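Structure first, commentary second.
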Amino acid sequence: MSTHSLFQLCRLGYVALLMLLTGWFIQQGLSGVYSMAFSLLWIVPLLLPIKGILTGKPYTYAWASFILCLYLLHGLTLVWVTEDALYFAIIESLLISALLIGFPFYARKRGRELGLGLKKKPQQDK
């Protein structure tokens, strides 16, 4: 898979996740399950890496995976505790799992193209 197509796929998945969760939390806020302020606070962490994700910065893709872990916990918890939102929770968990595979893979592949890998320590003669 080319880096560009992987970038497109990751970017599309992230935007889909952002739309899915925004819709979910706003709906929960409007229905009175959560306060609207609490619902909006759940969206803010997803907005932090949006610029770097849309522009394809490998470093952003690497650290954004840590943010996704929080949302994976949310999805898996919903799978366990609810029957009403089971399909939503499964879709959320599967989408985030795919992003947790794609993001580091893209970051590594694109980082190597740009020469951003870790530098090896020079060997000293003994």
Side-chain angles (χ1 to χ4, degrees):
M1 179 178 275
S2 73
T3 306
H4 183 69
S5 59
L6 184 59
F7 165 63
Q8 294 292 341
L9 195 60
C10 286
R11 185 169 63 172
L12 178 68
Y14 194 80
V15 170
L17 177 69
L18 184 60
M19 290 173 29
L20 177 75
L21 291 178
T22 300
W24 169 259
F25 283 112
I26 287 177
Q27 184 268 333
Q28 294 296 306
L30 292 175
S31 67
V33 175
Y34 302 135
S35 71
M36 202 58 167
F38 179 78
S39 296
L40 293 175
L41 282 175
W42 267 96
I43 304 304
V44 171
L46 283 175
L47 296 175
L48 295 175
I50 194 77
K51 182 181 177 192
I53 286 174
L54 294 178
T55 57
K57 296 184 187 277
Y59 184 73
T60 304
Y61 275 79
W63 67 261
S65 298
F66 294 112
I67 293 174
L68 290 176
C69 289
L70 173 69
Y71 292 91
L72 182 61
L73 287 174
H74 174 262
L76 293 175
T77 302
L78 276 181
V79 167
W80 186 261
V81 301
T82 187
E83 293 177 9
D84 298 337
L86 183 63
Y87 292 118
F88 166 79
I90 290 171
I91 292 169
E92 177 187 12
S93 299
L94 290 174
L95 183 57
I96 293 170
S97 296
L99 290 173
L100 284 172
I101 293 169
F103 273 26
F105 187 63
Y106 171 78
R108 181 177 183 204
K109 196 169 183 177
R110 182 67 178 142
R112 284 185 176 172
E113 286 177 359
L114 297 173
L116 299 176
L118 296 173
K119 306 297 182 220
K120 291 185 179 182
K121 187 176 179 179
Q123 295 272 334
Q124 293 181 355
D125 293 330
K126 292 183 179 181

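Predicted model only: the values in this text are computed from it and were never measured.
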Nearest-0.5 Å distance that lies between atom [atom1] in [X] and atom [atom2] in [Y]:
X	Y	atom1	atom2	result
Ser2	Leu9	OG	CG	10.5 Å
Ile91	Ile96	CD1	CD1	12.0 Å
Phe25	Leu30	CZ	CG	13.5 Å
Trp42	Trp24	CH2	CH2	12.0 Å

[atom1] ([X]) with more than 12 external heavy atoms under 6.0 Å:
X	atom1	answer
Phe66	CZ	no
Phe88	CZ	yes
Arg11	CZ	yes

I'd like to check the side chain to side chain donor-acceptor pair (under 3.5 Å) partners of Thr55; sequence neighbours left out, ordered by chain and number. none
Do you know which two heavy atoms are closest between [X] and [Y], and how far apart they sit?
X	Y	answer
Leu99	Leu17	CD1-CD2, 3.9 Å
Ser93	Leu72	O-CD1, 3.8 Å
Leu78	Thr82	O-CG2, 2.8 Å
Ala62	Ala107	N-CB, 4.0 Å
Ile67	Pro49	CD1-CD, 4.0 Å

Besides Val44, the hydrophobic cluster formed by Ile, Leu, Val, Met, Phe, Trp and Tyr side chains linked at under 4.5 Å, directly or via other members, contains none
For Tyr71 and Glu92, indicate whether the former's side chain and the latter's backbone hold a donor-acceptor pair under 3.5 Å. no
Working note: Phe105 + Tyr61, criterion side chain to side chain contact (heavy atoms under 4.5 Å, CB included); need CA distance, chi angles, decisive distance, verdict. CA-CA 9 Å; Phe105 187 63; Tyr61 275 79; over 6 Å; no
I'd like to check the salt bridge (Lys or Arg N to Asp or Glu O under 4.0 Å) partners of Glu113; sequence neighbours left out, ordered by chain and number. Arg110
May I ask you to check whether His4 and Tyr106 place their ring centers less than 6.0 Å from one another? no
